[in-house]
Amino acid sequence: MLKNLFKNIGPGTLVASAFIGPGTVTLCTLAGVNFGFNLLWAMALSILATMVLQEMAARLGIISEKGLSEVIKSEIKNPIINRFMMILILSAIVVGNASYEAGNISGGILGLETIVGELTFNLFGFTINALSIFIGVIAFSLLYIGNYKFIESALVTLVLLMSISFIVTAIITKPNLFSILKGVFVPTLPKGSLLTIIGLIGTTVVPYNLFLHASLVKEKWKGEKNLKAVQKDTVISIILGGLVSMAIIISAASISSAEITNTSDLAKSLAPLYGNFAKYFLGIGLFAAGITSAITAPLAAAYVAKGCFGWPGGLQSKKFRGVWIFILLLGVVFSSLGIKPIEIIKFAQVANGILLPVIAGILLWVVNRKIVLGNYVNSTLQNILGFAILLATIFLGLKGIFKVFGLNLFS
């Protein structure tokens with residue numbers, strides 16, 4: 001039974017590992033510290049929205065046997081709109097993931113530093129973080145092997161490690177079960193919480209995951225006979241990801257301190273109350289969250305570039321490798337030197353703010369086209385949920401763009 005479970009687990013887990021990155025972990029920590037269990041309902045809604053969109057992307061991948069960027073390229077016939085979409089997708093996903101990669105690696109570093117302390121050395125007058133190079137080497141090794149099953153196994157292991165770490169930490173804090181259930185099922189809007197709620201949704205419903213999922217299901221499964229397995233994998237994995245995010249909020253809710261700004265601070269605060277093992281569990285969880293995102297972000301960018309440019313070959317092709325190597329290398333260099341490419345990050349945030357609602361809308365359009373999916377088009381319920389999520393993504397996209405330009409329209 002356990003063997004069959006692992007046999008049918010895969011792409012969904014990789015998607016869960018991608019959205020539970022350092023940004024999500026930090027935001028969940030702040031949500032718990034500042035608002036207790038009161039925003040658990042927002043995370044539950046985020047998981048439902050993610051599940052709906054990811055199922056559409058996965059179904060598109062398994063039935064059409066194409067990645068999302070390939071489908072968009074083939075289905076949008078107007079050359080001007082087609083070219084605009086390709087530029088937007090490449091800007092948001094490839095440039096975006098390159099600029100965010102340093103943050104993914106830095107999150108993994110924070111987790112390791114919680115356990116082993118800082119490890120730096122000087123080279124030509126620069127202070128280099130050795131842990132950044134360590135994480136980069138692990139990510140490079142897994143991706144360079146270029147075998148989907150091997151990458152999948154490694155990431156599933158890391159996700160399970162992350163899940164156990166955060167869930168055990170939540171249990172250690174001995175939370176009140178009734179308060180948790182109330183937080184999940186009774187929506188409240190504490191003063192000053194709106195931006196945090198928007199942030200929780202925004203870090204969970206991630207544009208690049210839609211591209212990653214559609215591409216990955218083709219690597220593991222072939223043909224419509226496997227659709228049920230794809231859907232089961234998607235639902236189970238994303239619910240697991242949601243439980244992990246909720247566990248972080250629950251853990252953080254046990255601490256009341258204005259000095260906590262990230263999970264590393266939370267780990268140090270938990271140690272005096274619940275023992276050093278709580279610190280180690282959180283440190284391991286943050287490391288796993290950072291390294292899984294550090295692997296999936298370059299992988300997603302490579303799949304997007306492959307689809308947009310129509311490159312042949314698979315994981316081991318030179319062009320495919322060239323994209324993820326470039327992104328990973330940038331991440332290692334920026335994180336090890338502590339450089340933040342602010343202007344590039346701002347550009348990526350604007351591109352992603354535009355891309356999220358556009359891709360949600362196009363995905364909704366494509367999964368209703370019989371010429372693409374035949375009898376596997378959306379049901380009425382899926383369309384209702386899809387349109388509700390589309391409206392939410394428009395709101396999120398606008399919020400992200402306004403934030404870049406310093407406009408507080410949603411305070």
Side-chain angles (χ1 to χ4, degrees), residues 5-6 8-29 31-32 39-58 100 104 107-108 111 151-171 180 183-184 197 199-214 216-217 220 230-252 263 281-282 284-297 299-300 356 389 396:
L5 176 67
F6 277 94
N8 288 321
I9 226 170
T13 313
L14 271 62
V15 167
S17 74
F19 76 69
I20 310 172
T24 303
V25 171
T26 300
L27 205 56
C28 287
T29 299
L39 299 187
L40 286 172
W41 65 269
M43 181 51 64
L45 278 182
S46 303
I47 293 306
L48 176 62
T50 303
M51 208 183 302
V52 171
L53 289 180
Q54 293 298 156
E55 188 280 330
M56 290 182 196
Y100 300 144
N104 292 331
I151 294 171
E152 179 188 84
S153 299
L155 284 172
V156 167
T157 303
L158 283 167
V159 169
L160 289 173
L161 181 66
M162 173 173 64
S163 304
I164 292 166
S165 298
F166 286 131
I167 291 170
V168 167
T169 306
I171 293 168
I180 291 173
V184 173
I197 291 168
L200 287 173
I201 299 167
T203 59
T204 309
V205 185
V206 184
Y208 87 73
N209 270 345
L210 299 172
F211 293 90
L212 182 65
H213 206 170
L216 288 178
V217 291
K220 187 176 180 74
V230 170
Q231 291 170 328
K232 188 185 291 185
D233 169 56
T234 302
V235 171
I236 293 171
S237 299
I238 292 173
I239 287 175
L240 176 63
L243 288 174
V244 170
S245 297
M246 287 182 176
I248 300 165
I249 295 174
I250 291 164
S251 301
T263 313
F281 275 120
L282 261 182
I284 291 166
L286 183 55
F287 163 70
I291 198 166
T292 50
S293 293
I295 293 167
T296 52
L299 189 62
L356 179 58
I389 293 164
L396 283 171

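Note that CG of L45 and CG of L200 are 11.0 Å apart. Values are rounded to the nearest 0.5 Å. Between the CZ atom of F211 and the CG atom of L216 there is a distance of 13.5 Å, given to the nearest 0.5 Å. Taking CD1 of I295 as the reference point, atom CG of L299 lies at 9.0 Å (rounded to 0.5 Å). Summarising the geometry, atom CG belonging to L158 is positioned 11.5 Å from atom CD1 belonging to I284; distances are rounded to the nearest 0.5 Å. Once rounded to the nearest 0.5 Å, the distance linking CD1 of I201 with CG of L48 reads 11.0 Å. I291 CD1 to L286 CG: the interatomic distance, rounded to the nearest 0.5 Å, is 11.5 Å.
Counting heavy atoms from C-beta on, the side chains of T13 and L155 never come closer than 4.5 Å. Counting heavy atoms from C-beta outward, N209 and L212 have side chains that approach closer than 4.5 Å.
Evaluation of the side chain to side chain contact (heavy atoms under 4.5 Å, CB included) rule for A49 yields V205, I389 as partners, not counting sequence neighbours. Judged as a side chain to side chain donor-acceptor pair (under 3.5 Å), and not counting sequence neighbours, S17 has no contacts. Evaluation of the side chain to side chain contact (heavy atoms under 4.5 Å, CB included) rule for L243 yields I239 as partners, not counting sequence neighbours. Checked against side chain to side chain contact (heavy atoms under 4.5 Å, CB included), S245 has the following partners two or more places apart in sequence or in another chain: F19, I20, T24, C28, M43.
Nearest heavy atom pair, residue A214 against residue A57, reads CB-O, 3.4 Å. Between A31 and L39, the closest heavy-atom pair is CB-CD1, 4.3 Å. Residues S237 and G12 share a closest heavy-atom pair of CB-C, 3.2 Å. Considering all non-hydrogen atoms of both residues, A300 and Y208 come closest at CB-CD1, 3.3 Å. A pairwise comparison of heavy atoms in F166 and A247 identifies O-CB, 3.6 Å as the closest pair. Nearest heavy-atom pair across M162 and G285 is CG-O, 3.8 Å.
Listed by first and then second residue, the side chain to side chain donor-acceptor pair (under 3.5 Å) pairs that reach into residues 47-56 are Q54-H213, E55-R59, E55-Q231, E55-Q382, sequence neighbours excluded.
With I164 as reference, V168 is the one residue of L161, I167, V168 to meet the side chain to side chain contact (heavy atoms under 4.5 Å, CB included) rule.
Although no hydrogens or angles enter the test, the distance criterion places no donor-acceptor pair under 3.5 Å between the side chain of S293 and the main chain of G290.
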